[in-house]
Amino acid sequence: MVKLAPSMLSADFSRLAEHIKEVENAGVEYLHVDVMDGHFVPNISFGAPIMKSIKKHTNLVMDVHLMIENPDMYIEDFVKSGADIITVHQEACIHLHRTIQNIKSYGIKAGVSLNPATSLVTLEEILPELDMVLIMSVNPGFGGQSFIKSSLDKITILKKMIDDRNLNIDIEVDGGVKVDNVADVVKAGANIIVAGSAIFGKEDVKRAVLDFREVIEKI
Ligand code: DX5
Ligand code: ZN
């Protein structure tokens with residue numbers, strides 16, 4: 001089953017709990033929590049305290065995407081603040097295996113994300129340890145960017161890598177996913193779809209979620 005993960009980055013921060021409730025009531029599964037530090041990516045978003053406050057108002061799965069340097073320093077904070085899945089960037093982790101074990105030691109799911117220019121080859125050894133791989137289909141840092149088309153081949157190859165090894169790993173895709181390209185993303189092998197501007201950025205979030213569902217159901 002394909003899951004929808006609206007990105008909080010595009011939500012109205014002045015009425016965050018209410019806006020998140022709207023997407024929850026529209027029937028999405030995950031809340032994608034984009035954490036940016038102004039170093040790993042050229043933008044600053046929010047940290048664990050904001051997520052902790054939100055957690056009290058929603059039952060959505062907290063899907064935390066750490067676009068930060070030194071993620072190990074903050075994993076415990078995010079676990080205590082209610083993270084269900086923590087994804088770190090391959091490019092930000094010198095000791096990726098250690099970082100993944102650290103996340104899993106808290107009994108939550110661990111993911112690794114790759115920037116558009118980072119090869120799938122970098123996942124070969126770590127793949128069996130992962131619950132999820134997050135393919136960035138834009139250069140991380142901002143919502144509302146255009147989908148990089150070569151990401152589709154990357155998703156297809158990743159899906160084959162996972163299936164060839166008989167592994168059970170989710171493929172999440174993040175950046176520039178809209179109603180008009182989500183079918184291609186799902187056909188390539190993704191089963192968790194992040195959408196920021198295409199859901200929270202819309203006036204009618206319920207309609208936006210239904211539009212995604214209609215396209216996905218037809219695949
Ligand atoms: C980009 C973030 C994304 C972003 C997606 O750095 O990781 O999650 O918010 O936003 P859209 O769907 O608008 O590209
Ligand atoms: Zn993200």
Would you sort out whether Ile171 and Ile155 count as a side-chain contact (heavy atoms from CB on, under 4.5 Å), showing the intermediate values?
CA-CA 8 Å; Ile171 301 179; Ile155 300 162; 4.1 Å; yes
Take Arg15 and Glu22, measure what salt bridge (Lys or Arg N to Asp or Glu O under 4.0 Å) needs, and give me the verdict at the end.
CA-CA 11 Å; Arg15 54 177 197 100; Glu22 283 180 34; 2.9 Å; yes
Check step by step if side-chain contact (heavy atoms from CB on, under 4.5 Å) holds for Ile85 and Val61.
CA-CA 8 Å; Ile85 307 166; Val61 171; 3.9 Å; yes
Verify salt bridge (Lys or Arg N to Asp or Glu O under 4.0 Å) between Lys104 and Glu129, making sure each step is shown before the conclusion.
CA-CA 9 Å; Lys104 294 207 296 189; Glu129 306 294 325; 3.6 Å; yes
Apply salt bridge (Lys or Arg N to Asp or Glu O under 4.0 Å) to the pair Asp84 and Lys55, showing each step before the final yes or no.
CA-CA 11 Å; Asp84 298 292; Lys55 180 82 180 176; 3.4 Å; yes
Take Leu127 and Val133 through the side-chain contact (heavy atoms from CB on, under 4.5 Å) test and state the conclusion after the steps.
CA-CA 8 Å; Leu127 206 55; Val133 174; 3.9 Å; yes
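Taking both residues in full, the closest heavy atoms of Leu96 and Cys93 are given as CD1-CB, 3.7 Å, listed atom of the first, atom of the second, then distance. Of all heavy-atom pairs spanning Gly143 and Leu9, the tightest one is N-CD2, 3.9 Å. Across Ile193 and Phe212, no two heavy atoms sit closer than the pair CG2-CE2, 4.5 Å. Smallest separation of non-hydrogen atoms from Pro71 and Ala92: CD-O, 3.9 Å. The shortest non-hydrogen separation linking Met136 to Ser113 is CG-OG, 3.5 Å. Smallest separation of non-hydrogen atoms from His32 and Asp34: NE2-OD1, 2.9 Å.
Remark: the backbone N or O of Ile54 is not paired with any side-chain donor or acceptor of Thr58 at under 3.5 angstrom. Within the 3.5 Å criterion, the main-chain N or O of Gly27 finds a donor-acceptor partner in the side chain of Arg213. Distance alone, capped at 3.5 Å, is enough to place a donor-acceptor pair between the Lys154 side chain and the Thr118 backbone. The main-chain N or O of Gly176 is found under 3.5 Å from a side-chain atom of Asn181 such that the two form a donor-acceptor pair. The backbone N or O of Ala117 sits nowhere less than 3.5 Å from a side-chain atom of Asn115 that would complete a donor-acceptor pair. Of the possible polar contacts, one joining the Ser137 side chain to the Gly175 backbone as a donor-acceptor pair under 3.5 Å is found. The backbone N or O of Asn139 sits less than 3.5 Å from a side-chain atom of Gln145, completing a donor-acceptor pair.
Met1 places none of its side-chain heavy atoms less than 4.5 Å from the side chain of Asn191. Taking the side chain as every heavy atom from C-beta outward, His89 and Met67 approach each other to under 4.5 Å. Looking only at side-chain heavy atoms (C-beta outward), Val185 and Leu152 come within less than 4.5 Å of each other. By the 4.5 Å heavy-atom criterion applied to side chains, Ile126 and Leu130 are counted as neighbours. Using a 4.5 Å heavy-atom threshold, the side chains of Asp174 and Val138 count as separate. Thr122 places none of its side-chain heavy atoms less than 4.5 Å from the side chain of Glu91. Residues Ile86 and Ile108 are in side-chain contact: their nearest non-hydrogen atoms beyond the backbone lie under 4.5 Å apart. Phe78 is listed as a side-chain neighbour of Val35, based on a closest heavy-atom distance under 4.5 Å.
Heavy-atom neighbours of Tyr74 OH from other residues, nucleotides or ligands within 6.0 Å: at or below the threshold of 12. By the neighbour-count criterion of 12 heavy atoms within 6.0 Å, atom CD1 of Ile94 is sparsely surrounded, having that number or fewer from other residues, nucleotides or ligands. For Lys178, the NZ atom is densely surrounded, since the number of other residues' heavy atoms within 6.0 Å is greater than 12. For Asn168, the CG atom sits in a loose shell: 12 or fewer heavy atoms of surrounding residues, nucleotides or ligands are nearer than 6.0 Å.
In summary, the side chains of Ser197 and Lys202 do not present any donor paired with an acceptor at a separation below 3.5 Å, with no hydrogens or angles considered. Defined by atom type and a distance below 3.5 Å, a donor-acceptor pair is missing between the side-chain atoms of Asp63 and His65.
With respect to Glu125 and Arg165, no salt bridge is recorded, no charged nitrogen being found less than 4.0 Å from a carboxylate O. Between Lys80 and Glu76 a salt bridge is recorded (basic side-chain N to carboxylate O distance below 4.0 Å). Between Lys21 and Glu18, none of the side-chain N atoms (NZ, or NE/NH1/NH2) sits under 4.0 Å from a carboxylate O, so this pair counts as no salt bridge.
Distance check: Tyr30 OH to Glu24 CD gives 14.0 Å after rounding to the nearest 0.5 Å. Atom CG of Asn25 is separated from atom NZ of Lys206 by 8.0 Å, given to the nearest 0.5 angstrom. Note that CD of Glu69 is 6.5 Å distant from NE2 of His39, once rounded to the nearest 0.5 Å. Considering CD1 of Ile135 and CG of Leu114, their distance stands at 5.0 Å, rounded to 0.5 Å. Rounded to the nearest 0.5 angstrom, Asp72 CG and Asn70 CG are separated by 8.0 Å. To the nearest 0.5 Å, the span separating CG on Asn43 from CG on Asp37 amounts to 10.0 Å.
When hydrophobic clusters are built by joining Ile, Leu, Val, Met, Phe, Trp and Tyr residues whose side-chain heavy atoms come closer than 4.5 Å, directly or via intermediates, Ile68 is grouped together with Met73. Hydrophobic clustering, with ILVMFWY side chains joined whenever heavy atoms are under 4.5 angstrom apart, groups Val33 together with Val209. Cluster annotation: Leu66 is connected to Met8 through the hydrophobic network of ILVMFWY side chains, with a link wherever side-chain heavy atoms come within less than 4.5 Å. The cluster map of Ile, Leu, Val, Met, Phe, Trp and Tyr, joined by side-chain heavy atoms under 4.5 Å apart, puts Ile103 and Leu31 in the same cluster. Note on Leu210 and Leu60: separate hydrophobic clusters, where clusters join Ile, Leu, Val, Met, Phe, Trp and Tyr whose side-chain heavy atoms are under 4.5 Å apart, directly or indirectly.
Exactly one residue among Ile157, Ile162, Asp163 makes a side-chain contact (heavy atoms from CB on, under 4.5 Å) with Lys159. That residue is Asp163. Of the listed residues (Val23, Ile20, Val28), just one forms a side-chain contact (heavy atoms from CB on, under 4.5 Å) with Val205, and that residue is Val23.
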